[in-house]
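As structure tokens, the structure follows; a few thoughts come after it.
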Amino acid sequence: MFLVWLVRQLWPLQYLSFVDIRDWKNKRKQCPEMKMLDVRDTSDFQQLHLPCSVNISLGRLPFVWRKALSPEQCVVIVSAHPFKTKKAARILRKRGFHKLYALRGNIFQHEEWLNQASITKADCPNQQGFSL
């Protein structure tokens, strides 16, 4: 059973594209309705988050995704762990999402990544960071 779980976790997801934090703004131009979904716990989100991100913890995602997301939107998944990123992508894919992206690596461990991202509220005029 553990082996099946491990293979599933490591198996690449064809519908999930990884984006470097420096390339996020270019992706944003290609898909202006893009949402940034942070699937970490609310306490982690409140300590440090990207300004445009929406926080829906992984356990709540199957139940409350409709409040902030639409299957027609591009969604960038932000997580501290790649297994959680893939889990969130699987959940969203089952609900009809086709434009799924994930930020490469754990950006919250590296402040220089956050500085390189230089994502400000001006980059997301129609969105504000909030938690569900």
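Worth knowing before you read on, the calculation uses all heavy atoms, side chains too, and leaves out hydrogens, waters and symmetry mates.
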Heavy-atom closest pair, residues [X] and [Y]:
X     : Y      : answer
Phe45 : Ser53  : CE1-OG, 3.2 Å
Ala89 : Leu100 : O-CD1, 3.6 Å
Ser70 : Phe97  : O-CE2, 3.0 Å
Pro71 : Gly96  : CB-O, 3.6 Å
Cys74 : Tyr101 : CB-CE1, 4.1 Å

Mind checking whether [X] and [Y] have side chains closer than 4.5 Å, heavy atoms only?
X     : Y     : answer
Ile91 : Leu58 : yes
Ile77 : Leu92 : yes
Val76 : Val19 : no
Pro82 : Phe18 : no
Met34 : Val75 : no

Between the main-chain N or O of Ser43 and the side-chain N or O of Gln46, is there a donor-acceptor pair closer than 3.5 Å?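 No; zero donor-acceptor contacts below 3.5 Å.
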
Answer yes or no: is there a donor N or O on one side and an acceptor on the other, between the side chain of Asn55 and the main chain of Arg40, under 3.5 Å?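 Yes, the answer is positive, given that a donor and an acceptor are paired below the 3.5 Å cut-off.
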
Do Arg93 and His98 have side-chain N/O donor and acceptor atoms under 3.5 Å apart?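 Side chains of Arg93 and His98: pair found under 3.5 Å.
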
Separation of [Y] [atom2] from [X] [atom1] (nearest 0.5 Å):
X     : Y     : atom1 : atom2 : answer
Tyr15 : Arg90 : OH    : CZ    : 6.0 Å
Lys86 : His81 : NZ    : NE2   : 11.0 Å
Leu16 : Thr85 : CG    : OG1   : 7.5 Å

Apply side chain to side chain contact (heavy atoms under 4.5 Å, CB included) to residues Val39 and Ser79 and explain how you reach the verdict. CA-CA 6 Å; Val39 294; Ser79 176; 3.7 Å; yes

Under the side chain to side chain donor-acceptor pair (under 3.5 Å) test, residues paired with Arg95 that sit two or more places apart: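 Side chain to side chain donor-acceptor pair (under 3.5 Å) list for Arg95, sorted by chain: empty.
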
